[in-house]
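Letters A, B, ... mirror the listed sequences (proteins, then strands); counts begin at 1.
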Amino acid sequence: MPELPEVETICQALKPALEGHSFQKIQLNRPDLRYPIPYDLESKLAHQSINLVRRRAKYLLVDFSHDLTLIWHLGMSGRVIIEDKGLSLKPSLHDHVVFTTSGNQRIIYRDPRRFGFLRLSSTHQLNEIAPFNTLGAEALDDPHLNGCTFHQCLTRRKISLKSALLDQKVIAGVGNIYASEALWQAKLSPFRLTNTLTLAEAERLLKALQDVLRRAIAVGGSTLRDHIHPNGDIGYFQHELKAYNCEHKLCAHCQSTYLCKTMQNGRATYYCKICQQ
DNA sequence: ATTATACCCTGAGTGC
DNA sequence: TGCACTCAGGGTATAA
């Protein structure tokens with residue numbers, strides 16, 4: 001699924017198509033995704049001006065001028081497709097929602113596994129409802145996040161570093177790819193317990209995580225299965241992955257150990273047994 | 001309280 | 001070619 005860099009890429013692509021426009025039509029091709037789609041989505045949103053498209057963690061947020069925010073999560077396999085004007089793409093069985101904008105563009109939400117969802121919230125109360133009321137610091141560009149606060153947040157718990165990075169209450173936006181990448185880059189074991197981390201190690205991890213995320217955003221995220229830029233381009237960061245999907249490849253740090261893959265809390269984890277301690 | 005596990009769902013890939 | 005099986009970028013309700 002889209003993690004932070006992929007959702008950010010989608011967010012940036014949606015901005016020019018949506019901000020200052022409105023939805024003329026919202027076509028629901030099924031009543032539910034992970035949860036029921038609000039039945040009154042179209043009547044509440046159509047012809048209302050869109051102020052802002054933004055991202056929080058892995059959520060896309062579309063703010064309307066009448067204090068409504070469309071919360072849009074893409075689950076594991078969700079894709080957003082912005083059609084060129086006048087062009088009509090071949091429909092897919094999994095095109096669940098089709099938005100038509102006042103700019104006469106069609107925006108298609110395609111999600112084979114349907115782990116994604118759409119919800120509505122009052123804009124000014126968004127941070128008081130789940131999951132936004134418990135989300136951790138934004139992994140990038142959060143003024144309250146630094147090595148010190150990250151260290152405090154980690155040492156308060158006793159879970160593996162990999163689980164901590166995936167826990168959206170600890171830090172928001174990180175998923176399985178970038179958790180493995182950041183731990184590899186920081187030379188920290190995914191099995192290391194959070195309460196054993198020194199301040200210097202927490203700083204190193206945060207720096208590595210932010211570096212990986214920024215580099216991924218710069219090239220449009222990672223295209224492994226489903227993620228494609230809404231205009232049809234693919235992301236390129238999969239070519240720069242040093243750990244994720246790299247089992248049996250030589251570790252780029254030590255050049256002498258093959259990376260291994262293990263299941264950790266039900267998710268694949270990739271790491272170097274020698275470099276990551 | 002925190003921390004693990006099962007599960008939602010389809011499609012792609014593998015091995016027989 | 002077909003079938004059975006595993007795994008996949010996430011989050012949540014449960015159980016321990």
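Atom pair Phe115(A):CZ and dG11(C):P shows a separation of 12 Å (rounding to whole Å applied). Distance Met76(A) CE to dG11(C) P: 10 Å, rounded to the nearest Å. In this structure, the CZ atom of Arg110(A) is 12 Å from the P atom of dG11(B), given to the nearest Å. Rounded to an integer number of Å, the gap from CZ of Arg56(A) to C1' of dG11(C) is 15 Å. Atom CG in Asn245(A) sits roughly 12 Å away from atom P in dG13(B) (whole-Å rounding). Spacing between atom CH2 of Trp72(A) and atom C1' of dG11(C) amounts to 19 Å, rounded to whole angstrom units. Regarding Asp167(A), its CG atom lies at a distance of 10 Å from the P atom of dT2(B), rounded to whole Å. Here the P atom of nucleotide dC7(C) and the CD atom of Glu247(A) are 12 Å apart, to the nearest Å.
Taking both residues in full, the closest heavy atoms of His248(A) and Tyr258(A) are given as O-CD2, 3.2 Å, listed atom of the first, atom of the second, then distance.
Under 3.5 Å, the side chain of Arg114(A) and the base of dC9(B) form no donor-acceptor pair of N or O atoms. With hydrogens and angles ignored, no donor-acceptor pair under 3.5 angstrom links the side chain of Arg267(A) to the base of dA8(C).
Between dG10(C), dG11(B), dT3(B), one nucleotide has an atom nearer to the side chain of Pro112(A) than all others, and that is dG11(B). With dA8(C), dT3(B), dG10(C) as the candidates, the nucleotide lying closest to the side chain of Lys261(A) is dA8(C). The listed nucleotides are dG10(C), dG11(C), dT10(B); the one nearest the side chain of Gln168(A) is dG11(C). When each of dT12(C), dG10(C), dA4(B) is scored by its nearest atom to the side-chain atoms of Asn265(A), the top-ranked nucleotide is dA4(B). Of the candidates dG11(B), dT12(C), dA8(C), the closest approach to any side-chain atom of His94(A) belongs to dG11(B).
Residues Leu93(A) and Arg34(A) both approach DNA chain B. Their nearest nucleotides, taken by heavy-atom distance, put Arg34(A) toward the 5′ side.
Remark: side-chain polar atoms of Glu181(A) are paired, donor with acceptor, to backbone N or O of Tyr244(A) under 3.5 angstrom. At distances below 3.5 Å, not a single donor-acceptor pair connects side-chain atoms of Gln24(A) with backbone N or O atoms of Thr101(A).
With both pairing distances under 3.5 Å, dA8(C) is matched to dT10(B) as a Watson-Crick or G-U wobble pair.
Side-chain nitrogen and oxygen atoms of Lys58(A) include at least one within less than 4.0 Å of the OP1 or OP2 phosphate oxygen of dG11(C). Of the side-chain N and O atoms in His73(A), one or more sit less than 4.0 angstrom from OP1 or OP2 of dG11(C). Within the structure, every side-chain polar atom (N or O) of Lys162(A) is placed at least 4.0 Å from both OP1 and OP2 of dT3(B).
Looking at heavy atoms from C-beta onward, Asn29(A) lies in side-chain contact with Gln27(A) at the 4.5 angstrom threshold. Side-chain atoms of Leu4(A) and Leu140(A), non-hydrogen and from C-beta on, do get closer than 4.5 Å to each other.
Within the 4.0 angstrom heavy-atom criterion, no nucleotide atom of any strand lies near Lys169(A). Residue Ser222(A) is classed as a base contact, given a heavy-atom separation below 4.0 Å to a base. At the heavy-atom level, Ile159(A) lies under 4.0 Å from the strands shown only through sugar-phosphate atoms. Tyr244(A) comes within contact range of the sugar-phosphate backbone alone, with a heavy-atom separation under 4.0 Å but no base atom that close. Contacts of Phe117(A) with the nucleic acid, taken as non-hydrogen atoms under 4.0 Å apart, are absent.
Side-chain atoms of Glu6(A) and Thr9(A) form no donor-acceptor pair, as typed in the model, at a separation below 3.5 Å.
For dC7(C) and dT5(B), the P atoms lie 15 Å apart once the distance is rounded to whole Å.
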